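First comes the structure, then the notes that go with it.
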Amino acid sequence: MKRYNPKVIEPKWQKVWEDTKIYQAIEDKSKPKRYVLEYFPYPSGAAMHVGHVRNYTIGDAVARYARMSGMNVLHPMGWDAFGLPAENYAIKSGISPQEAVAQNVANFKHQLMQMGFSYDWSREINSTDPAYYKWTQWFFILLFNKGLAYQKESLQWWCPHDKTVLANEQVENGRCWRCGNLVEKKSLKQWFFRITAYADRLANDLDDVDWSEAIKAMQRNWIGRKEGINITYHVTNTKTNNKITVFTGRPDTNFAATFVVLAPEHDLVQKIIKQEIVPKDGPSHSKEVEHYVAKSMGKSELERQEEGRIKTGVFTGLYVKNPLTGKNLPVWVSDFVLAGFGTGAVVGVPGHDMRDFEFAKQFNLPVKRVVVGPDGDKSPITKAEQVQERAGRMINSGPLDGLDIQDAIEKMKDLMEKKGMGKRTKSYHIRDWLISRQRYWAAPIPIIHCPKDSAVPVPDKDLPVVLPEVKSYEPSGDGHSPLANVPEFVNVKCPKCGGKAQRETDTMDGFACSSWYFLRFADPHNDNKAFDKPKIDFWLPVDDYIGGAEHAVMHLLYARFWTKVMFDEKLIDFDEPFTTLRNHGMILAPDGKKMSKSWNNTIEPDNLIEQGYGADSIRLLELFIGPWNQSANWSVEGLGGTFRFLQRVWTLAQEFLKAKENSKGHNAELETQIKRTVHKAVKKVSQDMTELGFNTAIAALMECVNELYKLKSDRNFELARSAWEEGFIALSQLLAPFAPHIAEELWADLGQSGSVHVSKWPAWDEELVKEELITIAVQINGKIRAELLLPATVTEEKAIEAAKKDERVQKSLAGKKIKKTFYVPERLISLVTD
RNA sequence: GGGCGGAUGGCGGAAUUGGUAGACGCGCCAGACUCAAAAUCUGGUGGCCGCAAGGCCGUGGAGGUUCAAGUCCUCUUCUGCCCACCA
């Protein structure tokens with residue numbers, strides 16, 4: 001008898017699948033299309049571990065099930081290969097990024113192949129291939145021509161370790177997302193994509209996609225749209241006319257305003273320092289303000305965090321008038337006000353805002369109260385805990401008195417607009433996407449700077465702007481990429497006037513390349529266009545996008561933005577790229593920590609395969625270990641369990657194949673039992689697959705095999721040959737999405753032609769699935785007292801009659817009168833006594 | 001501070017959405033096979049009491065609704081993730 005040996009069968013079938021190209025996707029309109037995509041990986045020098053493998057296993061199970069269910073499936077794979085790790089490796093080792101990436105890609109591809117994933121490798125793409133980034137550059141020019149790519153000098157996040165600027169999204173707690181070093185602010189001329197122009201659509205359209213609420217919330221939170229009002233206050237004590245505009249979402253509390261605070265970066269603050277604005281009725285505070293601003297701007301992000309919530313600030317000597325009350329409000333400067341949000345100025349309402357309260361306490365500013373809670377308590381606010389009040393009624397607020405907060409907000413906005421004090425507006429947290437990088441290993445920005453014509457896009461015929469080979473990849477740190485040291489690259493003629501000009505030497509953020517790769521898979525080898533529209537029309541949008549939550553705000557937001565731009569350009573007919581987004585849970589090391597090289601706790605599939613477990617057992621555990629969207633700790637013992645299960649399937653099938661030649665008559669009851677067992681599994685697995693219930697689907701398969709083990713014997717194989725055979729055929733199909741190699745081997749052993757992976761998913765017979773006898777529980781006053789084994793066809797009357805006759809029921813009733821009776825078909829009977 | 005989750009045996013997790021809590025797997029215990037071990041197969045396995053039949057308790061905690069609550073409601077404790085001086 002053949003032993004189950006994954007080391008033999010797995011490479012064998014992988015070769016067959018490759019040779020027969022069974023996973024190749026073609027535009028066949030006779031079947032509904034399904035585009036299943038996992039985020040294309042970054043091929044790092046470190047090998048892929050079982051955590052990464054889970055993502056692909058989920059995607060592959062979805063793709064394989066869709067394929068067997070009669071869908072035309074596109075399931076492609078490629079490489080997101082630009083970026084710092086390859087470049088830093090090059091600096092250390094002297095091996096060029098081009099070479100290192102080629103090696104890493106080969107390694108990753110080998111790892112994916114040995115897991116038996118059903119990718120259409122004919123569509124493999126690589127973001128660092130000039131044939132690919134040619135079109136990334138083409139899209140840059142499209143954005144440029146639409147005014148959506150622009151250059152601006154401003155203060156930006158700068159990572160002193162990686163020597164490049166970073167996008168807002170790439171700064172985490174004041175640290176670089178790549179290397180973890182503290183970032184600084186540096187004033188540089190940089191390229192931006194105007195994602196803010198799409199902020200409303202990016203927020204609104206989240207309503208229409210099938211994504212988890214968690215990810216939607218993260219995106220909404222990042223876009224940070226807030227409806228409010230810009231209120232303009234006039235400065236009362238300067239000779240010149242000066243105004244301060246503040247943004248607020250709570251204008252209802254304005255009767256309690258007691259001060260105004262400016263961010264240190266605010267324009268007016270600079271004018272105060274330069275003494276362009278001075279109070280006419282008192283001393284100038286310009287020196288104090290200058291001192292405070294200098295100190296505050298010199299603080300690192302870390303220092304600010306260490307200070308916690310302790311408020312600092314300085315009085316400017318200026319006052320503004322609150323037209324509602326006629327009272328003057330002092331104007332302060334403090335770094336708790338952020339220059340980047342709203343107008344960079346806030347009105348201080350310490351009675352109804354925690355930060356304002358803390359600031360007021362620090363500098364002895366008055367605290368007023370205009371909202372009372374449901375308890376009607378009107379006592380003055382003296383503690384920070386009393387500040388938050390979401391529900392309540394207005395007091396001391398003239399025309400607003402008696403209104404609840406929501407009504408008061410709207411009424412105050414109306415009032416302010418009527419009086420010319422303010423204007424309704426929206427404020428956003430999202431900033432334009434900074435895409436310049438001062439590093440080598442990335443796509444060059446296709447712009448030529450001409451003294452006469454300023455920034456000129458590289459003409460289409462000259463694309464791609466190929467990344468030149470250089471001797472040193474080391475970034476200079478002076479704000480220029482290493483490309484600035486390549487005169488042949490830099491010095492060119494202006495495409496417009498033909499005069500001397502210089503190429504842009506900044507490169508593009510790697511997220512630009514990944515903002516459209518899912519489109520390229522529809523037409524991966526097109527030299528004349530980024531893609532052919534009919535092919536996009538056929539395959540896109542992506543039906544199932546499977547990836548980790550780490551892409552929640554960066555990649556997913558950028559890709560949606562590019563998609564909307566292309567939609568507006570009529571290049572494509574949809575404006576959301578990913579219909580369904582599925583965020584898998586992370587696989588942690590057995591110790592519960594994240595798998596990483598530095599913890600030295602990574603588990604790689606290569607070793608497990610080498611040890612003899614095989615890809616199928618690994619794949620099975622990735623799915624069986626828990627719900628696909630929850631994280632789980634990898635379990636070495638668990639892998640033994642899934643291996644054992646496959647071995648049991650194998651042994652059972654081989655024993656049958658050996659015995660089946662001697663067919664000796666029929667046993668109808670045995671045949672029904674076998675069929676019922678298998679059909680129950682077909683039903684359960686089919687239903688679970690539609691909701692991605694992989695763990696319970698696999699449990700059902702295990703249960704099925706356990707039951708078949710109880711029925712198996714040489715004699716039973718002989719007495720129900722065809723039932724067993726049909727059963728094994730169905731079993732190999734049910735296993736196919738999870739354990740494709742053993743499924744294919746069984747399929748072949750059973751003499752089936754073709755591949756199990758393009759066979760038609762089995763159907764179940766509802767009549768067969770039904771049990772003949774069912775167990776009905778009997779509750780008396782809410783407690784289970786008996787279980788009745790009754791025919792499935794039993795009527796309510798008969799069931800209740802049987803319950804009342806039951807010895808244990810009678811004992812429990814002890815002669816009491818039954819007041820009420822409940823009957824749940826096929827489940828239970830509930831009897832209630834006095 | 002804001003947003004979104006979660007809490008079920010020794011462990012990972014099931015539970016037709018209000019209807020027999022603990023499917024399936026791991027681990028553990030026992031038996032078969034073996035000179036022995038491994039492997040494999042079979043059975044058992046929430047806690048407490050009991051020889052047993054059976055009984056009582058049990059889904060973080062406290063209440064409530066209901067014939068019936070892991071599931072619904074109120075309060076509460078702990079915990080994970082994301083964002084965060086966002087006005």
Side-chain angles (χ1 to χ4, degrees), chain A residues 172-173 212-218 220-222 224-226 228 246-251 253 261 263 304-305 307-311 334-338 340-349 352-356 358-359 384 387-388 427-429 549-550 552-553 585-586 620-621 624-627 629-642 644-645 647-648 651 684 687 693 695-706 709-710 775-788 808 811 818-833:
Chain A
E172 295 165 353
N173 292 325
S212 74
E213 282 309 314
I215 300 287
K216 286 188 187 185
M218 277 187 224
R220 286 200 188 98
N221 191 18
W222 188 261
R225 177 169 61 188
K226 213 155 236 163
V246 303
F247 173 81
T248 180
R250 289 292 304 277
T253 60
V261 193
R304 286 203 193 186
Q305 274 167 33
E307 282 173 7
R309 302 183 75 89
I310 295 167
K311 300 288 182 287
S334 173
D335 59 14
F336 87 81
V337 177
L338 304 175
F341 189 77
T343 58
V346 301
V347 55
V349 187
H352 300 287
D353 182 281
M354 284 281 260
R355 293 173 308 265
D356 294 353
E358 285 160 359
F359 190 77
V387 165
Q388 312 131 294
S427 183
Y428 298 87
H429 174 225
E550 70 272 17
V553 284
M586 216 187 326
L620 222 44
L621 183 62
F624 181 66
I625 200 162
N629 54 1
Q630 272 173 42
S631 64
N633 298 359
W634 186 259
S635 157
V636 182
E637 295 80 18
L639 187 60
T642 54
R644 218 157 14 241
F645 164 65
Q647 202 173 43
R648 275 164 71 82
T651 306
K684 176 71 176 150
Q687 289 179 342
N695 56 332
T696 49
I698 292 165
L701 286 170
M702 290 172 167
E703 209 172 342
C704 173
V705 170
N706 288 346
Y709 256 69
K710 287 176 193 149
T775 321
I776 293 186
V778 183
Q779 285 186 349
I780 293 165
N781 294 330
K783 297 217 175 222
I784 305 286
R785 292 300 174 192
E787 284 176 4
L788 308 173
R808 286 161 298 177
K811 209 173 121 195
I818 296 167
K819 212 168 66 178
K820 271 184 185 173
T821 305
F822 296 86
Y823 179 68
V824 182
E826 294 178 30
R827 297 257 124 207
L828 61 66
I829 291 163
S830 182
L831 304 174
V832 188
T833 68

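Here is how names work: the chains are called A, B, and so on, in the same order as the sequence lines, proteins then strands, and each is numbered from 1. Note that this is a predicted model, so its numbers are computed, not measured.
- Remark: P of B:A14 and CD of A:Q687 are 17 Å apart, rounded to the nearest angstrom.
- Between the CZ atom of A:R220 and the C1' atom of B:C83 there is a distance of 15 Å, given to the nearest Å.
- Between B:C82, B:U20, B:G43, one nucleotide has an atom nearer to the side chain of A:I784 than all others, and that is B:U20.
- Under the stacking definition used here (centres under 5.5 Å, planes under 30°), the residue A:F336 fails to qualify as stacked on the base of B:C85.
- Nearer the 5' end of RNA chain B, as judged by each residue's closest nucleotide, is the contact made by A:Q630, out of A:D356 and A:Q630.
- Comparing the P positions of B:U79 and B:G27 gives a spacing of 31 Å, expressed to the nearest Å.
- Nearest-nucleotide positions on RNA chain B place A:R648 closer to the 5' end than the other of A:R648 and A:G224.
- The side chain of A:A699 has B:A23 as its nearest neighbour among B:C82, B:A23, B:A21.
- Syn is the glycosidic conformation of B:G9, whose angle stays within 90° of 0.
- The base-pairing partner of B:A21, taking Watson-Crick or G-U wobble contacts with both distances under 3.5 Å, does not exist among the strands shown.
- Put simply, A:N706 has no side-chain N or O that comes within less than 4.0 Å of OP1 or OP2 on B:U42.
- Between A:N633 atom CG and B:C26 atom C1' the separation is 13 Å, expressed in whole Å.
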Between protein and nucleotides 68-73 of chain B, what N or O pairs are separated by less than 3.5 Å?
none

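- In this structure, A:K311 fails the cation-pi test against A:F359, since its NZ or CZ atom is not both closer than 6.0 Å to the six-membered ring centre and inside 45 degrees of the ring normal.
- At the heavy-atom level, A:K710 lies under 4.0 Å from the strands shown only through sugar-phosphate atoms.
- With hydrogens and angles left out, the side chain of A:K311 and the base of B:C85 share a donor-acceptor pair within 3.5 Å.
- Across the protein-nucleic acid pair, A:L639 atom CG and B:C11 atom P stand 22 Å apart, rounded to whole Å.
- Listed nucleotides: B:G54, B:C67, B:C24. Nearest to the side chain of A:R808: B:G54.
- Contact between the side-chain N/O atoms of A:R644 and the OP1/OP2 oxygens of B:G27 is found at a separation under 4.0 Å.
- Atom pair A:M702:CE and B:C24:P shows a separation of 11 Å (rounding to whole Å applied).
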